[in-house]
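See below for the structure under consideration.
For ligands, and for the atoms within them, numbers begin at 1 and follow the listed sequence.
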Amino acid sequence: MRGGLVASARLLPRPLVRWFLQRRAQLDINENMLGGKKVKIIFVLGGPGSGKGTQCSNIVEHFGFIHLSAGELLRAEINSGSENGTMIDTIIKEGKIVPSEITIKLLQEAIIKGGNDKYIIDGFPRNEENRAVFESVINISPEFVLFFDCSEEEMERRLLGRNQGRSDDNIETIRKRFKVFVESSLPVIEYYESKGMVKKIDATKPAPEVFEDDGKRMKFTNGIT
Ligand SMILES: Nc1ncnc2c1ncn2[C@@H]1O[C@H](COP(=O)(O)OP(=O)(O)OP(=O)(O)O)[C@@H](O)[C@H]1O
Ligand SMILES: O=c1ccn([C@@H]2O[C@H](COP(=O)(O)O)[C@@H](O)[C@H]2O)c(=O)[nH]1
Ligand SMILES: [Mg+2]
């Protein structure tokens, strides 16, 4: 295990540290191994409405990754009638961030179930605690991080026009999500930037151009096969 566990443990309440340590033991997690599989992970970050989900579908279609959207997993958890459903629903409507142990457990289970070794994780980690816990306790580092850079004006326009019945696609929640993105999620991107792991994508352009970018689609996978 890398030294990061000590740092991330300091960020966490004691019962949470205990919970994660038990899970590590149960799942026999080693460096970039989960459930006996060696996995490669790309994180996809960017503001609400920057087009992460849209481009992840393209990446799946063209490059054979499994797409895991943390937000979709949380919405599925609400719809499953789970005991945490009401709490997750309230947090999403407030544009806040769900506790790490809930999101990471859902991601872990999805990776273990997934019949693949390449995962593109969309919308996670959302804050420094998410990042530190995932990397140190789950012990998987991303190969790199895609950052979808888009203006708030354009993201707001897209979200208000999304029309998929999401409870957070309203102007009050959108404004709260922008604030949370700047205060909590940008520091995660800055952390990876300081390690030279971020590929910045100009996400303001129309969707086909974001993916094609003069035919350089491979920027999305950095040659991972
Ligand atoms: N490049 C683009 N230009 C215009 N509209 C776009 C573009 N990319 C995505 N959209 C549209 O904007 C809306 C938001 O896109 P998408 O759901 O992919 O964003 P997201 O980053 O996953 O958002 P969230 O964080 O809220 O899940 C959708 O209606 C989508 O069709
Ligand atoms: O890691 C995560 C991912 C998402 N959330 C909550 O869900 C909503 C919607 O997420 P999308 O990625 O935009 O679908 C987000 O605003 C958070 O409230 C989370 O808490 N943690
Ligand atoms: Mg999305």
Shared hydrophobic cluster, Val182 / Leu159 (ILVMFWY, side-chain heavy atoms < 4.5 Å): no

Ligand-side contact atoms (ligand 2) for residue partner Ile97, heavy atom cut-off under 4.0 Å: 20 (O)

Sub-6.0 Å ring centroid separation between Phe134 and Phe124: yes

Thr173 side chain to Asn170 side chain, donor-acceptor N/O pair below 3.5 angstrom: yes

Closest to atom 20 (P) of ligand 1 (judged by heavy-atom distance), picking from Gln55, Arg157, Arg75, Lys52: Lys52

Ring centers of Tyr119, His67 separated by less than 6.0 Å: no

Under 3.5 Å: N/O of Gly161 near N/O of ligand 1: no

Spacing of OG1 belonging to Thr221 relative to CZ belonging to Phe144, to within rounding of 0.5 Å: 6.0 Å

Residue, atom name and distance, where the atom is the protein heavy atom closest to atom 4 (C) of ligand 1: Arg158 NE, 3.5 Å

Protein heavy-atom partner closest to atom 23 (O) of ligand 1 - residue, atom, separation in Å: Gly49 N, 3.0 Å

Taking atom 2 (C) of ligand 2 as the reference point, the nearest protein heavy atom with its distance: Gly123 O, 3.7 Å

Interfacing atoms of ligand 2 (cut-off 4.0 Å, heavy-atom, Arg75): 9 (C), 14 (O)

Shortest protein heavy-atom distance from atom 19 (O) of ligand 1, along with the residue and atom involved: Gly51 N, 3.3 Å

Ligand 2 versus Asp168: contacting region, heavy-atom distance under 4.0 Å: side chain

Residue portion contacting ligand 2 (non-hydrogen atoms closer than 4.0 Å) for Leu74: side chain

Heavy-atom closest pair, residues Ile120 and Leu146: CD1-CD1, 4.4 Å

Residues Lys93, Asp168; criterion salt bridge (charged side-chain N to carboxylate O under 4.0 Å, His left out); working and verdict: CA-CA 5 Å; Lys93 282 182 183 139; Asp168 51 355; over 6 Å; no

For atom 22 (O) of ligand 1, the protein heavy atom that lies nearest, with its residue and separation: Gly53 N, 3.0 Å

Side-chain donor/acceptor of Ser194 to backbone N/O of Tyr191, under 3.5 Å: yes

Whether Gly71 lies under 4.0 Å from ligand 1, heavy atom: no

Contact with ligand 1 for Pro48, non-hydrogen, under 4.0 angstrom: yes

Atoms in ligand 1 flagged as close to Lys205, the criterion being non-hydrogen separation under 4.0 Å: 1 (N), 2 (C), 3 (N)

Between SG on residue Cys150 and NZ on residue Lys52, distance to nearest 0.5 Å: 9.5 Å

Identity and separation of the nearest protein heavy atom to atom 16 (P) of ligand 1: Thr54 OG1, 3.6 Å

N/O separation below 3.5 Å, Ser69 to ligand 2: no

NZ/NE/NH1/NH2 to OD/OE distance under 4.0 Å, Lys38 and Asp117: no

Distance from atom 20 (O) of ligand 2 to nearest protein heavy atom, with residue and atom: Val98 N, 2.7 Å

Ionic contact status for Glu101 with Lys105, cut-off 4.0 Å: no

4.0 Å heavy-atom contact, Met155 with ligand 1: no

Ligand-residue contact atoms, ligand 1 with Arg177, heavy atoms, under 4.0 Å: 24 (P), 25 (O), 26 (O)

Ala70: numbered ligand 2 atoms lying under 4.0 Å from its heavy atoms: 1 (O), 2 (C), 3 (C)

Residue part near ligand 1, for Arg166, under 4.0 Å between non-hydrogen atoms: side chain

Glu209 heavy atom under 4.0 Å from ligand 1: no

Among Glu72, Arg166, Lys52, Arg126, closest by any non-hydrogen atom to atom 12 (O) of ligand 2: Arg126

Glu61-Asn58 side chain donor-acceptor pair, cut-off 3.5 Å: no

Protein heavy atom at shortest distance from atom 13 (O) of ligand 2: Arg177 NH2, 2.5 Å

Check: Phe147 and Tyr192 side chains under 4.5 Å, non-hydrogen atoms: no

Numbering as shown, the atoms of ligand 2 that approach Lys96 to under 4.0 Å (heavy-atom distance): 17 (C), 18 (O), 20 (O)

Carboxylate-amine/guanidinium proximity below 4.0 Å for Glu154 and Arg158: yes

Same cluster (ILVMFWY, side-chain, under 4.5 Å), Leu68 and Val188: yes

Lys/Arg N to Asp/Glu carboxylate O, Arg175 vs Glu156, below 4.0 Å: yes

Leu159 near ligand 1 by a heavy-atom separation under 4.0 Å: yes

cation_pi(Lys118, Phe65) dist<6.0 Å, angle<=45: yes

Non-hydrogen atom of Pro206 closer than 4.0 Å to ligand 1: yes

Shortest protein heavy-atom distance from atom 17 (O) of ligand 1, along with the residue and atom involved: Arg162 NH1, 2.8 Å

Working for salt bridge (charged side-chain N to carboxylate O under 4.0 Å, His left out), residues Lys179 and Glu183: CA-CA 6 Å; Lys179 191 164 183 288; Glu183 288 175 0; 3.0 Å; yes

Element-labelled atoms of ligand 2 that are located less than 4.0 Å from some non-hydrogen atom of Phe124: 1 (O)

Atom indices of ligand 1 within 4.0 angstrom of Ala207 heavy atoms, with elements: 1 (N), 2 (C), 3 (N)

Sub-4.0 Å heavy-atom contact, Glu94 with ligand 2: no

